[in-house]
Amino acid sequence: MGNCIVPYCDGPKNTNIRFTLPAVCFVWQSAMIILFGVFVRYNEEADTHWVEFKAKHNITSDIENDFYYRYPSFQDVHVMIFVGFGFLMTFLKRYGFGAVGFNFLIAAFGLQWALLMQGWFHSLDPADGLIKIGMENLINADFCVAGCLIAYGAVLGKVSPVQLMVLTLFGITLFAVEEYIILNLLHAKDAGGSMVIHTFGAYYGLSISWVLYRPNLKDSNHLNGSVYHSDLFAMIGTLFLWMFWPSFNSAICDHGDGQQRAAINTYLSLAATVLTTVAISSLFQKHGKLDMVHIQNSTLAGGVAVGTAAEFMLMPYGSLIVGFCCGLISTLGYIYLSPYLEKKLKIQDTCGIHNLHGMPGVIGGIVGAITAAAASVPVYGEEGLINTFDFTGSFKNRSPAVQGGYQAAAMCVAICFGIGGGIFVGLILRMPIWGSVTDDNCFDDSVYWEVPDKEEPAPPVLEYNNHMASHMNV
Amino acid sequence: MGNCIVPYCDGPKNTNIRFTLPAVCFVWQSAMIILFGVFVRYNEEADTHWVEFKAKHNITSDIENDFYYRYPSFQDVHVMIFVGFGFLMTFLKRYGFGAVGFNFLIAAFGLQWALLMQGWFHSLDPADGLIKIGMENLINADFCVAGCLIAYGAVLGKVSPVQLMVLTLFGITLFAVEEYIILNLLHAKDAGGSMVIHTFGAYYGLSISWVLYRPNLKDSNHLNGSVYHSDLFAMIGTLFLWMFWPSFNSAICDHGDGQQRAAINTYLSLAATVLTTVAISSLFQKHGKLDMVHIQNSTLAGGVAVGTAAEFMLMPYGSLIVGFCCGLISTLGYIYLSPYLEKKLKIQDTCGIHNLHGMPGVIGGIVGAITAAAASVPVYGEEGLINTFDFTGSFKNRSPAVQGGYQAAAMCVAICFGIGGGIFVGLILRMPIWGSVTDDNCFDDSVYWEVPDKEEPAPPVLEYNNHMASHMNV
Amino acid sequence: MGNCIVPYCDGPKNTNIRFTLPAVCFVWQSAMIILFGVFVRYNEEADTHWVEFKAKHNITSDIENDFYYRYPSFQDVHVMIFVGFGFLMTFLKRYGFGAVGFNFLIAAFGLQWALLMQGWFHSLDPADGLIKIGMENLINADFCVAGCLIAYGAVLGKVSPVQLMVLTLFGITLFAVEEYIILNLLHAKDAGGSMVIHTFGAYYGLSISWVLYRPNLKDSNHLNGSVYHSDLFAMIGTLFLWMFWPSFNSAICDHGDGQQRAAINTYLSLAATVLTTVAISSLFQKHGKLDMVHIQNSTLAGGVAVGTAAEFMLMPYGSLIVGFCCGLISTLGYIYLSPYLEKKLKIQDTCGIHNLHGMPGVIGGIVGAITAAAASVPVYGEEGLINTFDFTGSFKNRSPAVQGGYQAAAMCVAICFGIGGGIFVGLILRMPIWGSVTDDNCFDDSVYWEVPDKEEPAPPVLEYNNHMASHMNV
């Protein structure tokens with residue numbers, strides 16, 4: 001993609017976003033208010049009519065409101081989205097504001113748009129044509145946003161906030177359609193979103209990065225690296241993602257055993273990933289020294305890969321095996337595959353999302369398909385099998401083997417939406433109207449942020465110099 | 001307030017708190033132990049007699065203990081108080097220890113005193129005259145502390161820890177009285193404390209800052225600014241406040257739909273605030289660059305403003321509108337109003353709490369009054385209306401319109417307590433016995449903290465100099 | 001221990017862990033997979049057979065699954081283990097990677113091994129000889145890991161990651177045995193693990209540090225101190241530990257009042273500790289300045305000391321008294337005892353775990369014994385007494401006084417296991433095969449980590465030098 005296929009893309013760059021960014025924010029937020037006013041209401045568990053709903057459905061206690069099943073997980077997911085993704089990307093020495101700040105901006109916009117888009121597909125009340133939202137919608141909106149934040153990782157430091165807003169608008173839309181196809185039409189299961197979120201998000205971001213390829217970037221990439229404290233900030237992101245991933249994968253699982261099993265599986269898979277990540281990182285570095293990039297990212301791969309099968313009877317050892325493999329593959333990806341992708345395929349992947357979300361997401365989809373196909377009554381129980389795979393209604397007669405096939409089909413849908421959507425959106429982002437940054441100013445906060453002056457230079461050195469200068473004058 | 005009205009306030013400053021700080025801590029903590037020993041016991045849900053209580057009230061399961069309805073929110077609120085407020089104030093380049101450390105100190109003291117003060121008003125057991133505490137008391141104590149931490153924001157860097165302890169002692173006391181008047185006598189609703197917490201806290205702090213006005217401060221304010229990493233630390237505070245605000249506003253709402261609705265409203269309002277904050281920040285800065293001060297603070301204004309009405313049927317679009325307006329007003333406040341307040345009204349507001357808590361708090365009170373007055377049976381349902389506004393007992397015949405009037409009256413009470421209390425406490429803090437800091441040493445941790453040496457100056461530079469020096473000697 | 005008693009320990013140090021670390025990680029993780037495959041399954045609440053279990057036990061709602069009682073606390077404990085312990089140890093100026101990273105590594109390994117070891121003792125299903133795990137096992141595994149992380153604090157910066165893996169392997173094993181003796185054989189209660197976790201962990205770590213004594217360390221300890229920002233990173237750890245300690249102490253308490261009471265007691269104890277810590281820190285420092293070391297550590301002592309008695313009817317004032325004493329003792333420990341331990345007893349305790357976990361843990365055990373011995377029916381109620389102390393089965397006739405005796409015995413077991421186990425493991429760690437660091441390189445991340453280059457020296461200084469140099473050449 002070194003040759004520019006869009007004629008208008010090589011003009012002089014103008015990073016002044018004083019008009020476009022406010023315009024986009026105001027117009028889109030106003031649109032949200034209007035659309036929410038026309039379409040969105042509380043569902044019956046969040047509405048004051050809950051008291052009548054309770055009576056009607058013989059619910060004996062307020063604690064059976066879905067809110068209490070999901071709220072702790074919801075808050076954990078929220079932390080992952082804003083602190084987890086945000087701080088994970090602060091590893092660059094001078095792009096911390098952009099990492100945390102733009103992550104914040106696009107997540108806050110994205111979740112509103114996601115509530116609408118997902119609501120139209122999943123929460124439309126046929127009685128009055130309104131979208132009825134509750135706790136589960138909020139979690140799903142955070143999930144939807146996660147897809148776009150993953151994509152942001154590939155283009156971190158190389159795009160303007162306006163481009164990110166566009167990336168998010170289209171990303172959420174594509175996500176909602178893809179999710180509808182996978183969950184409703186194919187009736188695939190994907191509790192933790194290995195396919196729907198991670199695979200889609202990763203290939204969406206990588207495709208955009210491919211279209212936006214910057215051939216001269218490496219000449220000016222002295223800012224494309226970390227400093228000591230920025231690596232510690234990034235570890236805040238890593239740890240909050242790692243710790244709360246069991247909540248991510250269990251947040252929208254079935255009440256009762258489903259949520260618990262998903263949490264256990266994720267917990268175990270992540271634990272195993274840490275050890276193989278450390279092993280590979282040490283083994284492939286001279287003197288066996290560990291690389292912070294691997295610890296920050298590859299340790300999370302197990303959570304991605306166990307997402308689809310989280311609610312299944314994967315068994316504790318199954319989760320460990322998934323985690324074991326992912327730590328290995330993800331770390332090797334950082335060492336061998338990322339440089340290859342950049343050199344040969346012209347894909348510049350700032351955060352290495354292909355290693356953290358792409359490959360583990362695909363592995364997750366495959367694990368999910370195999371585990372689903374292997375499900376059986378002896379392991380799940382009669383009712384357990386039906387509950388876990390939701391073999392009800394028009395899917396009453398689907399067998400586990402067939403379900404496995406649909407799971408595999410779902411994976412293909414996620415990849416296609418990611419790549420196709422990414423190329424489409426990438427071409428839009430090449431228009432010169434979005435305030436994109438020049439190669440020289442990539443990875444530099446000072447383009448879009450008022451950056452405080454550096455700390456004063458250490459006084460003793462200066463004094464010493466002055467002292468010398470006075471000597472010289474003599 | 002340039003002229004000193006308290007005769008003893010202009011003597012030489014003595015920042016040595018080696019006697020006063022330990023004395024205050026020991027005496028007050030001992031007093032707490034004695035008062036708790038005489039007055040405070042567990043309530044029936046935290047006591048071992050819960051098993052009998054359960055039987056008596058036909059409670060079928062332990063999960064219906066109030067603990068399980070509120071504990072997740074409680075912990076989120078706790079994070080907001082200690083990490084949220086603490087780190088939000090670390091933006092100054094050399095006042096991180098004071099921000100996090102003194103926030104920690106006064107919160108830990110304040111919550112004990114709050115348990116007593118609020119307990120006397122709300123949790124007194126008439127049977128034995130003892131205060132009976134449980135989960136809800138702990139949340140309320142954190143709320144009460146929040147009022148004082150907001151006030152700390154106005155005087156950050158300009159007061160001693162002993163002054164902060166005094167500020168907290170009186171602040172908690174005033175808060176408890178004000179809260180009793182608003183919630184019990186006026187029977188106003190204020191789930192998220194727009195009035196009780198934010199409006200009171202903001203005007204309390206601003207009034208203190210007014211009384212403690214330092215006319216010569218700007219000459220020495222090279223420390224009154226941020227450095228790159230201090231801005232990132234502050235973002236930790238911002239994000240934890242932002243993410244957990246739904247828990248803050250829903251923590252003491254009614255079981256069931258009340259808590260869920262409050263969480264949804266807050267989530268939406270905050271999302272909208274982010275976009276308008278970014279828009280205004282970019283629009284009013286040269287080259288459209290974003291200002292970290294706005295992102296750190298104004299993005300939170302929507303959570304403040306939706307506090308009073310959080311539990312009402314504000315509707316999702318209503319929440320978005322509130323958030324939209326608050327991001328706008330709060331950011332404009334930082335740009336235009338704060339400099340004006342400092343120059344004309346002699347109010348030095350280090351963190352800009354007037355923009356983050358003051359104005360949004362007042363907006364929240366107004367929104368609450370309007371929404372309450374507009375409440376109707378068609379929207380809330382018969383029972384829903386009674387439950388939401390607690391139209392029971394002696395308030396059985398109150399109409400929504402009348403409730404709106406009382407809500408407005410409550411707002412006035414909060415402002416009066418804030419301003420009146422703040423001036424009173426400010427005068428007390430002017431006494432020269434509290435170890436206050438001189439103008440020269442404001443915003444400098446080294447006055448009250450053992451600060452580690454700077455990192456060694458970069459060796460290469462030194463070596464180079466030495467090399468030059470040896471040349472010169474030749 | 002200045003003289004080396006193990007003949008092979010004084011050979012030249014080789015810090016290259018490129019073979020040993022990967023080998024240990026791969027072999028142990030593979031062993032975990034095999035052992036989990038053979039021994040570990042989901043328990044009936046995490047299994048798809050939950051639906052049948054529910055029917056059999058007349059459980060009416062999914063919300064009564066143990067998962068919903070414990071998951072919020074579990075996540076808080078998880079945060080304490082990974083962010084709390086990890087960041088608390090980042091206070092050293094150049095050991096942040098090792099603090100957070102190795103903490104991450106050994107916790108991730110430790111919890112797998114703990115699930116097995118504790119499972120064998122506590123969760124073995126006699127029907128099929130398999131370990132059945134659920135939410136409570138995950139919490140207990142985190143608890144078990146906490147013991148080893150405490151021990152890490154004593155040897156922070158002085159050991160290799162391989163040594164830490166060995167320390168963890170043996171630590172978990174010893175912990176599981178000790179816990180079995182204390183909880184099952186002696187039938188002592190220890191909800192928050194003052195004895196089982198903190199006392200054991202502290203003396204285990206101190207004994208190891210004693211065996212690994214480095215007499216020449218002080219000559220090269222310019223890295224054994226903090227810088228400004230590293231102290232702020234450490235405060236992240238402190239605050240998350242402090243805030244979530246109520247969850248730690250209540251996580252495995254009885255459903256209902258037990259969990260709530262434990263949370264309240266811990267909350268109060270910790271609040272009191274902050275004030276006495278600040279008081280002592282200021283009182284014993286010249287000019288009354290506060291020391292970050294005390295604020296970071298001693299403020300947590302109250303949570304440790306209230307652990308054993310957390311679930312008892314300690315009363316709110318009792319909790320405050322415990323916290324009051326611990327803040328005092330712990331801070332005095334940092335000022336007087338730690339230097340003494342290092343000089344006279346040759347115990348180098350990097351993080352001062354003796355002051356944070358050792359002494360407070362012992363105090364906690366004593367408080368637990370006294371409170372248990374003083375328990376009575378008037379205070380607890382007939383059923384409450386039986387529930388709280390689990391006076392059922394073969395312990396039906398145990399009196400509170402006798403229980404107090406067993407609590408004291410349990411404390412002795414914890415200390416003996418800690419000291420004995422620590423000396424044993426310390427001797428193993430002296431073997432020269434673990435890649436240990438030399439005295440010169442202690443507290444330095446660059447031994448085991450790829451550390452990014454320092455930030456570029458401030459350009460103005462360099463330019464000025466160049467300018468001078470050119471003048472000189474003329």
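Just the heavy atoms: all of them, side chains too, but no hydrogens, waters or symmetry mates, feed the values below.
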Measure [X] against the heavy atoms of chain A and call it side chain, backbone, both or neither at under 4.5 Å.
| X | value |
| --- | --- |
| C:F109 | both |
| C:V38 | neither |
| C:F233 | side chain |
| C:I81 | neither |
| C:V83 | both |
| C:F39 | neither |

Quiz item: Just how far is it from atom CG of C:D76 to atom CE of A:M243, taken to the nearest 0.5 Å?
Solution: 10.0 Å
Side-chain donor-acceptor contact under 3.5 Å, [X] with [Y]:
| X | Y | result |
| --- | --- | --- |
| A:S247 | C:Q75 | yes |
| C:Y68 | A:Q259 | yes |
| C:Y42 | A:N265 | yes |

Is it the backbone or the side chain of [X] that comes under 4.5 Å from a heavy atom of chain C, or both, or neither?
| X | answer |
| --- | --- |
| A:L268 | side chain |
| A:V379 | backbone |
| A:F324 | side chain |
| A:S230 | neither |
| A:Q285 | both |
| A:T299 | side chain |
| A:L314 | both |
| A:T388 | side chain |
| A:I236 | both |
| A:S250 | side chain |

Quiz item: How far apart are the C-alpha atoms of C:F67 and A:Y69, what are their side-chain angles, what is the distance that settles it, and do they pass the ring pair (Phe, Tyr, Trp, His ring centres under 6.0 Å) test?
Solution: CA-CA 10 Å; C:F67 180 75; A:Y69 284 94; 9.6 Å; no
Practice problem: Starting from the C-alpha separation in whole Å, work towards a yes-or-no answer on ring pair (Phe, Tyr, Trp, His ring centres under 6.0 Å) for C:H78 and A:Y267. | Solution: CA-CA 10 Å; C:H78 225 39; A:Y267 173 95; 5.2 Å; yes
Exercise. Pick whichever of C:I17, C:V79, C:V40 has the most heavy-atom pairs under 4.5 Å with chain A.
Key: C:V79
Quiz prompt | Those residues that, when tested against A:F240, pass ring-ring contact (aromatic ring centres under 6.0 Å, His included) (two or more places apart) | solution = A:F244, B:F240, C:F240
Quiz item: By ring-ring contact (aromatic ring centres under 6.0 Å, His included), which residues pair with A:Y317, not counting sequence neighbours?
Solution: none
Quiz prompt | side-chain contact (heavy atoms from CB on, under 4.5 Å) assessment of C:E450 paired with A:V293 | solution = CA-CA 10 Å; C:E450 297 284 333; A:V293 171; over 6 Å; no
Exercise. Take A:V278 and C:L21, measure what side-chain contact (heavy atoms from CB on, under 4.5 Å) needs, and give me the verdict at the end.
Key: CA-CA 8 Å; A:V278 167; C:L21 184 61; 3.7 Å; yes
Quiz item: Shortest non-hydrogen contact from A:G256 to C:N65?
Solution: C-ND2, 3.6 Å
Quiz item: Should A:S73 and C:Y71 be marked as a side-chain contact (heavy atoms from CB on, under 4.5 Å) after you check the CA-CA gap, both sets of side-chain angles, and the distance that decides it?
Solution: CA-CA 9 Å; A:S73 300; C:Y71 191 66; 3.9 Å; yes
Quiz prompt | Residues C:E44, A:D257; criterion side-chain contact (heavy atoms from CB on, under 4.5 Å); working and verdict | solution = CA-CA 8 Å; C:E44 67 282 315; A:D257 61 298; over 6 Å; no
